[in-house]
Every structure is written in C-alpha cells, then in structure tokens.
Undergrad: 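Before we start, here is the structure in question, set down as structure tokens.
Please read these numbers as outputs of a predicted model, since none were measured by experiment. Nothing fancy with the numbering, it's 1 onward along the sequence.
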Amino acid sequence: DVQLQASGGGLVQAGGSLRLSCAASGFTSDNYDIGWFRQAPGKERKGVSCINFNDGNKYDDASVKGRFAISRDKVKNIVYLQMNSLKPEDTAVYYCAAGPPGTWGPHCYGPAYKYWGQGTQVTVSS
C-alpha cells in the first residue's frame with residue numbers, strides 16, 4: 001500500500017524557515033508526482049509546490065515562488081519542502097500527496113492526487 005508520512009511542522013516567527021519532509025513508500029515505480037498542499041482555517045485546500053519524483057521537474061504556486069523550494073531524495077524516497085521567509089499567511093496545515101504524473105509536467109491540481117498523508121501544522125507568528 002502507498003503511504004505518505006509528513007513531518008517537520010512547527011511554530012516559527014515571521015521571516016523564519018522550516019523544512020517539511022514527506023516520506024513515501026509502497027510505490028512500484030518512481031514516475032509519479034508528489035505535491036505539498038495547505039489548508040488554512042476557513043479556506044480551501046490549495047497546492048503549494050509539486051514535483052515529479054522521477055525527473056525532478058517542479059511546479060510552484062505564485063504565492064511561494066522564491067521563498068519555498070521543493071526537492072526529492074530518490075535514495076531515501078523523501079520529498080522536502082524548504083520554506084524560507086515565512087509569513088503569517090503561510091500558517092496552515094500542510095499535506096503531502098501523490099498521484100499519477102501530469103501530462104505536461106507536474107501540477108498541483110488536488111483532485112488528481114490519489115494518495116494523501118496526514119497533515120502537519122505550520123504556524124507563523126507575526
């Protein structure tokens with residue numbers, strides 16, 4: 001069975017950094033997309049950064065470009081989300097998810113992702 005384990009959330013001051021990890025297991029190949037999504041209280045879940053695990057191509061939402069960086073370790077089967085210059089509006093529960101590769105490269109369209117890990121809370125204080 002496919003399993004995703006997210007970790008690394010916490011409380012940080014504005015301007016600080018955190019690194020989230022998503023440990024993936026149960027895949028029969030490495031040609032899939034893994035994405036980080038977040039959901040703030042009262043808001044819809046939104047894709048943040050997504051990557052194709054095989055070739056490393058990435059997609060970042062405009063709200064995090066230049067601040068967040070997604071990467072993957074093919075040996076450890078872990079996808080990371082390095083979050084820098086954090087803002088209070090980044091506060092949310094962050095989820096990692098996996099799904100089939102996008103036709104034209106990685107994407108962050110949530111309904112296309114089949115497998116979801118548990119969330120990890122990120123809180124940015126002002």
Side-chain angles (χ1 to χ4, degrees):
D1 291 349
V2 172
Q3 290 190 337
L4 301 169
Q5 182 75 33
S7 61
L11 173 64
V12 64
Q13 288 188 332
S17 299
L18 281 174
R19 189 177 77 162
L20 305 183
S21 299
C22 177
S25 62
F27 290 95
T28 57
S29 80
D30 61 2
N31 190 25
Y32 53 89
D33 288 354
I34 283 194
W36 284 99
F37 297 79
R38 66 186 181 187
Q39 187 166 21
K43 294 189 176 181
E44 292 187 354
R45 184 182 62 199
K46 183 178 181 182
V48 175
S49 294
C50 300
I51 189 169
N52 180 268
F53 198 81
N54 180 41
D55 60 25
N57 286 332
K58 309 169 188 178
Y59 169 85
D60 296 314
D61 184 74
S63 63
V64 303
K65 274 189 177 180
R67 299 190 299 123
F68 291 10
I70 191 170
S71 63
R72 92 285 193 216
D73 184 321
K74 296 185 77 173
V75 174
K76 296 181 179 178
N77 285 339
I78 296 177
V79 172
Y80 300 101
L81 184 67
Q82 178 67 45
M83 305 186 295
N84 300 323
S85 301
L86 282 161
K87 305 175 182 180
E89 51 264 43
D90 295 318
T91 295
V93 178
Y94 284 70
Y95 301 88
C96 64
T103 302
W104 297 285
H107 60 83
C108 286
Y109 180 60
Y113 282 74
K114 295 179 58 177
Y115 307 102
W116 291 81
Q118 90 293 357
T120 185
Q121 177 71 46
V122 172
T123 303
V124 185
S125 63
S126 57

Undergrad: Going by side chain to side chain donor-acceptor pair (under 3.5 Å), name the residues that satisfy it together with Gln82, two or more places apart in sequence or in a different chain.
TA: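 Once residues adjacent in sequence are excluded, the partners of Gln82 under the side chain to side chain donor-acceptor pair (under 3.5 Å) criterion are Asn84.
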Undergrad: Under a 3.5 Å threshold, yes or no: a donor from one side chain and an acceptor from the other, between Asn52 and Asn57?
TA: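 The answer is no; no qualifying pair exists.
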Undergrad: For Ser7, check side chain to side chain donor-acceptor pair (under 3.5 Å) against everything at least two apart and list the hits.
TA: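 With neighbours one apart ignored, the set is empty.
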Undergrad: Side-chain donor-acceptor contacts of residues 88-102 below 3.5 Å, not counting sequence neighbours, with atom names and distances?
TA:
from	atom 1	to	atom 2	distance (Å)
Asp90	OD1	Arg38	NH1	2.9
Asp90	OD1	Arg67	NH2	3.0
Asp90	OD2	Arg67	NH1	2.7
Asp90	OD2	Arg67	NH2	3.4
Asp90	OD2	Lys87	N	2.8
Thr91	OG1	Pro88	O	2.9
Thr91	OG1	Val124	N	2.9
Thr91	OG1	Val124	O	3.4
Tyr94	OH	Arg38	NH1	2.8
Tyr94	OH	Asp90	O	2.7

Undergrad: So, using salt bridge (charged side-chain N to carboxylate O under 4.0 Å, His left out) as the criterion, who are the partners of Lys58 when residues are at least two apart?
TA: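 None.
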Undergrad: Any ring pair (Phe, Tyr, Trp, His ring centres under 6.0 Å) pairs touching residues 7-26, not counting sequence neighbours?
TA: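 Residue pairs passing ring pair (Phe, Tyr, Trp, His ring centres under 6.0 Å), neighbours aside: none found.
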Undergrad: Looking at every heavy atom in both Gly35 and Tyr113, which two are closest together, and how far apart are they?
TA: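 Where Gly35 meets Tyr113 most closely, the heavy atoms are N-CE2, 3.5 Å.
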Undergrad: Identify each donor-acceptor pair in which a side-chain atom of residues 69-76 lies under 3.5 Å from a protein atom, sequence neighbours left out, and give them as a table.
TA:
from	atom 1	to	atom 2	distance (Å)
Arg72	NE	Phe53	O	3.0
Arg72	NH2	Asn54	O	2.9
Asp73	OD1	Val75	N	2.9
Asp73	OD1	Lys76	N	2.9
Lys74	NZ	Asp30	OD2	3.2
Lys74	NZ	Asn54	O	3.2

Undergrad: Output all residues satisfying side chain to side chain donor-acceptor pair (under 3.5 Å) with Gln118, sequence neighbours left out; order by chain, then residue number.
TA: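 Partners of Gln118 under the side chain to side chain donor-acceptor pair (under 3.5 Å) test: none.
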Undergrad: Any ring pair (Phe, Tyr, Trp, His ring centres under 6.0 Å) involving residues 1-22? Give me the pairs, sequence neighbours left out, ordered by first then second residue.
TA: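 Applying ring pair (Phe, Tyr, Trp, His ring centres under 6.0 Å) to every pair that reaches into residues 1-22, excluding sequence neighbours, yields nothing.
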Undergrad: Is Val79 linked to Leu18 within one hydrophobic cluster, defined over Ile, Leu, Val, Met, Phe, Trp and Tyr using a side-chain heavy-atom separation of less than 4.5 Å?
TA: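 In one cluster with Val79: Leu18, yes.
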Undergrad: Report all side-chain donor-acceptor pairs from residues 20-29 shorter than 3.5 Å, counting only partners two or more places apart or in another chain.
TA:
from	atom 1	to	atom 2	distance (Å)
Ser29	OG	Asn31	N	3.3

Undergrad: Could you pull out all residues at least two apart from Lys114 that satisfy side chain to side chain donor-acceptor pair (under 3.5 Å)?
TA: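 Once residues adjacent in sequence are excluded, Lys114 has no partner under the side chain to side chain donor-acceptor pair (under 3.5 Å) criterion.
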Undergrad: Restricting to pairs with a member in residues 44-57, which pass salt bridge (Lys or Arg N to Asp or Glu O under 4.0 Å), not counting sequence neighbours?
TA: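 Residue pairs passing salt bridge (Lys or Arg N to Asp or Glu O under 4.0 Å), neighbours aside: Lys46-Asp61.
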Undergrad: May I have all residue pairs that pass ring pair (Phe, Tyr, Trp, His ring centres under 6.0 Å) and include part of residues 55-83, sequence neighbours excluded?
TA: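 Those involving residues 55-83 do not exist here.
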